[in-house]
**Student:** 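One structure, as structure tokens, below. Some questions next.
When a residue number appears, it is its place in the shown sequence, counting from 1.
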Amino acid sequence: MSHHLLPHNESSNRLHGEYKVPGGKLVVADLSVTDGHLADVSISGDFFLEPDEALLDINRALTGLPESTPAADLAAAVTAALPAHAALFGFSADAVAVTVRRALAKATSWTDHHWNVIPPAVLPTEINVALDEVLTEEVGAGRRNPTLRFWDWQEPSVVIGSFQSVRNEVDPAGVAKHGISVVRRISGGGAMFMEAGNCITYSLYLPQTLVDGLSFADSYSSLDAWVMAALEKLGITAFYVPLNDIATDQGKIGGAAQKRLANGGMLHHVTMSYDIDADKMVEVLRIGKEKLSDKGTRSAKKRVDPLRRQTGLARTAIIEAMAEVFTGRYGATTSALTESELSLARERVAMKFGTEEWLHRVP
């Protein structure tokens, strides 16, 4: 566990937090809280820091701050206290802030939670997007464990981002020709062309404490570290292209999107191309020249390089490998959608996700 919940009025009760910087070093915070303020702060770890005395500057900068200080302000205090010529290797002021928040139990790590995995079940696409809202709310409210859910669907669909214009993203002739259902989701990001079996989509529902102190960009790669490990196991070296694209040296294989709710719940979901019909995709989506202008490629077809070609594996085998890595890393257990969650999702479709008002929220 990354923290101990101890009474905050006695300075003899030490709090302890740890944070491993992705691709970097381990940062450890040991501290007390006295009268609502940080006391006896000691930062340690296997990082490198020059000059040596800068460690004392960091500890002094944190000591005396209110325990409610947000991560950004903790990081700012550390940065302000460092000598101009200080060099931090393998960690940063932001990493120190995350570690302190973990010690205070205001930030959590993966192992602080019991995770569930919901295996794929075929559902209408509008139910899938409605479930993303419902399950994020449920996790935020503490009624459901943090959960990984794999999607499945039958009908060909386009799922557009919360802020996209239907008119600008979707070609009505292509939609009519191929019988595509168009749905708007609650997260931002771009349009996804989804036929049965052509992509792998999953959603993570989690408390925002898990990304406390991380920048938006870092939260994406942090929440998908397990996927990179799963792909690695399948012989694919994938990496993040900021902000939200997942790629290999062959091309883009997927994209992520997020939505944070007021109740503390958060949605992070990803669609990866398994076997895209590129000709059909170009008929259905208006993939404009501007979108491709900074990608160094003339063709939308070339931008997406499906996993089927890169792995030679069945889609189900890739999903199984992903679930296996997630379960192994985080001690997750299998779960299922409850009747009440499904009925809430159906209500949301009737009230929101299945309505013209929502779909054309941005004309």
Side-chain angles (χ1 to χ4, degrees), residues 1-4 6 8 11 13-112 188 206-225 239-244 256 258 260 264 266 268:
M1 296 292 276
S2 66
H3 53 74
H4 309 299
L6 298 171
H8 277 179
S11 62
N13 287 320
R14 298 292 277 164
L15 301 172
H16 179 83
E18 298 182 1
Y19 174 59
K20 165 75 170 65
V21 178
K25 298 297 187 179
L26 182 72
V27 185
V28 181
D30 291 288
L31 54 96
S32 308
V33 174
T34 308
D35 301 327
H37 291 75
L38 308 188
D40 309 318
V41 179
S42 173
I43 301 298
S44 60
D46 59 357
F47 49 76
F48 299 91
L49 176 62
E50 296 290 347
D52 212 86
E53 319 66 84
L55 188 61
L56 297 175
D57 296 329
I58 292 174
N59 292 341
R60 272 197 293 267
L62 295 166
T63 298
L65 293 175
E67 65 172 319
S68 58
T69 305
D73 294 351
L74 292 171
V78 168
T79 302
L82 287 168
H85 58 290
L88 288 66
F89 299 101
F91 79 124
S92 62
D94 290 325
V96 172
V98 172
T99 314
V100 169
R101 297 275 293 181
R102 284 193 175 178
L104 294 165
K106 298 188 190 303
T108 54
S109 67
W110 292 84
T111 51
D112 292 327
L206 57 133
Q208 289 170 35
T209 53
L210 195 64
V211 296
D212 183 278
L214 299 184
S215 67
F216 266 74
D218 287 346
S219 74
Y220 276 91
S221 48
S222 163
L223 292 174
D224 283 331
F239 47 87
Y240 245 89
V241 180
L243 174 65
N244 63 332
Q258 291 181 354
R260 299 173 192 221
M266 175 173 172
H268 173 93

**Student:** Whether the side chain of D46 engages the backbone of L26 through a donor-acceptor N/O pair (distance < 3.5 Å, no angle test) should be reported.
**Tutor:**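 At least one qualifying donor-acceptor pair exists.
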
**Student:** Specify the closest pair of heavy atoms between S219 and V211, including all atoms of both residues, with the distance to one decimal.
**Tutor:**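 For S219 versus V211, the nearest heavy atoms are CB-CG1, 3.9 Å.
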
**Student:** Stepwise, does the side-chain contact (heavy atoms from CB on, under 4.5 Å) test hold for H268 with D224?
**Tutor:** CA-CA 9 Å; H268 173 93; D224 283 331; 2.9 Å; yes

**Student:** Side chains of Y19 and R101, heavy atoms from C-beta outward: is any pair under 4.5 Å?
**Tutor:**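 No; the side chains remain at least 4.5 Å from each other.
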
**Student:** Do L49 and I58 touch side chain to side chain, with heavy atoms closer than 4.5 Å?
**Tutor:**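 In contact.
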
**Student:** Could you tell me if the side chain of P22 sits less than 4.5 Å from the side chain of S221, heavy atoms only?
**Tutor:**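 SC-SC contact between S221 and P22 ruled out.
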
**Student:** To the nearest 0.5 Å, what is the distance between CE (M266) and CD (Q258)?
**Tutor:**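 Answer rounded to 0.5 Å: 3.5 Å.
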
**Student:** Just how far is it from atom OG of S109 to atom NZ of K20, taken to the nearest 0.5 Å?
**Tutor:**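 With rounding to 0.5 Å, OG (S109) is 13.5 Å from NZ (K20).
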
**Student:** Near F216 CZ, under 6.0 Å, is it more than 12 heavy atoms from other residues, nucleotides or ligands?
**Tutor:**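 Not more than 12 within 6.0 Å, no.
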
**Student:** Do the side-chain N and O atoms of R14 and S42 include a donor-acceptor pair separated by under 3.5 angstrom?
**Tutor:**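 R14 vs S42: no donor-acceptor pair found between side chains.
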
**Student:** Determine yes or no for a side-chain-to-main-chain donor-acceptor pair under 3.5 angstrom, with S92 supplying the side chain and A95 the backbone.
**Tutor:**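 Pair found, side chain donor or acceptor close to backbone of A95.
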
**Student:** Would you call L15 and N13 a side-chain contact if the rule is heavy atoms closer than 4.5 Å?
**Tutor:**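 Not touching, per the 4.5 Å side-chain cut-off.
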
**Student:** Just verifying a value: how many Å separate E53 CD and L55 CG, rounded to the nearest 0.5 Å?
**Tutor:**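 So the CD of E53 and the CG of L55 are separated by 10.0 Å.
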
**Student:** Going by heavy atoms in the side chains, are L31 and L104 under 4.5 Å from each other?
**Tutor:**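 They are in side-chain contact.
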
**Student:** Is a side-chain donor or acceptor of N59 paired with a backbone partner of L56 at a separation under 3.5 angstrom?
**Tutor:**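 Not confirmed, N59 side chain does not pair with L56 backbone.
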
**Student:** Hey, does L65 have a side-chain heavy atom less than 4.5 Å from the side chain of V100?
**Tutor:**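 Side chain of V100 against side chain of L65, heavy atoms only: no contact under 4.5 Å found.
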
**Student:** Of all heavy-atom pairs between A103 and G17, which one has the smallest distance, and what is that distance?
**Tutor:**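 The pair with the smallest heavy-atom distance is CB-N, 3.5 Å.
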
**Student:** List the atom of A29, the atom of T99, and the distance in Å for their closest heavy-atom pair.
**Tutor:**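 Distance-wise, the nearest heavy atoms are N-CG2, 3.3 Å.
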
**Student:** Measuring from atom NZ of K25 to atom CZ of F89, what distance do you get when rounded to the nearest 0.5 angstrom?
**Tutor:**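 CZ of F89 is found 12.0 Å from NZ of K25.
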
**Student:** Going from CG on L62 to CG on D40, what distance comes out if it is rounded to the nearest 0.5 angstrom?
**Tutor:**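 Nearest 0.5 Å value for the CG-CG distance: 12.5 Å.
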
**Student:** Kindly indicate whether the side chain of V27, heavy atoms from C-beta on, has any atom under 4.5 Å from the side chain of I43.
**Tutor:**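 Yes - at least one pair of side-chain heavy atoms lies under 4.5 Å apart.
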
**Student:** Could you walk me through whether L210 and L223 pass side-chain contact (heavy atoms from CB on, under 4.5 Å), step by step?
**Tutor:** CA-CA 9 Å; L210 195 64; L223 292 174; 3.9 Å; yes

**Student:** Between T79 and A93, what is the shortest heavy-atom contact and its length?
**Tutor:**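 Closest approach of T79 to A93, heavy atoms only: OG1-CB, 3.3 Å.
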
**Student:** Show the nearest heavy-atom pair for residues P83 and A54, with the distance to one decimal.
**Tutor:**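 Distance-wise, the nearest heavy atoms are CD-CB, 4.2 Å.
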
**Student:** Are the side chains of L88 and L82 in contact, using a 4.5 Å heavy-atom criterion?
**Tutor:**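 Of all side-chain heavy-atom pairs linking L88 with L82, at least one is under 4.5 Å.
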
**Student:** Which heavy atom in W110 sits nearest to a heavy atom in S222, and how many Å separate them?
**Tutor:**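 The answer is CZ2-O, 3.9 Å.
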
**Student:** With rounding to the nearest 0.5 Å, note down the distance linking OG1 in T34 to CD in E67.
**Tutor:**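 Separation between the atoms: 10.0 Å.
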
**Student:** Which word best sums up how the rings of F47 and F91 line up, parallel for under 30°, tilted for 30 to 60°, or perpendicular for over 60°?
**Tutor:**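 Aromatic pair F47/F91 classed parallel.
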
